[in-house]
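Keep in mind it's a predicted model, so treat the numbers as computed, not measured.
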Amino acid sequence: MITSAQMRAARALLGIDQKTLAELSGLSVPTIQRMETGPGNVRGVVDSLTKVVEALDLAGVELIGEGAKSDGRGRGVRLKSADTYRSEQDATTATATADT
C-alpha cells in the first residue's frame, strides 16, 4: 500500500510535478491528482497503483510501508506515528516545564 502523502513526498524528493509522474507511470494527470488527494491509502485500480510504485522505484524512491524497516542505503524520510509524536511532544513539554 502507498498513501497519498507518500506519493506527494516521493514527488517532492524527486523534484517532479504531477505531470512528470504521470508520464513516468504511463497514467493521466487527473489519475495522479485523484490518487494524491484522497486521505490515507491510495485507492483505485491496482494496475494504476502498480505503475506509480514502479515508476517511483525506477526514479530512485524507496517506499517504506508502515512498520517496515528500510534496508536501503542513502537518506530517507519517514513520518512518525501520531502516538509516538505525541509522546515525544509530551516529554519535551514536561522537560521544558521542569527547567523553568
Report task. Could you list the residues that satisfy side-chain contact (heavy atoms from CB on, under 4.5 Å) with S28, not counting sequence neighbours? Result -> P30, T31
Report task. Go through the structure and list residues passing side-chain contact (heavy atoms from CB on, under 4.5 Å) with N41, not counting sequence neighbours. Result -> M1, T3
Query raised in the report: Taking only residues two or more places apart in sequence, or in another chain, which ones meet T20 in a side chain to side chain donor-acceptor pair (under 3.5 Å)?
Result: D17
**Report entry** Connected-component partners of V42 among ILVMFWY, side-chain separation under 4.5 Å
**Finding:** I2, M7, L14, I16, L21, L24, L27, I32, M35, L49, V52, V53, L56, V61, L63
Query - Contacts of T50 that satisfy side chain to side chain donor-acceptor pair (under 3.5 Å) - sequence neighbours left out - result: none
Query raised in the report: With sequence neighbours left out, which residue pairs that include part of residues 22-47 fulfil the salt bridge (charged side-chain N to carboxylate O under 4.0 Å, His left out) condition?
Result: R11-E36, D47-K51
Report summary line: The reported gap from CZ in R8 to CG in L13 (rounded to nearest 0.5 angstrom) is 13.0 Å
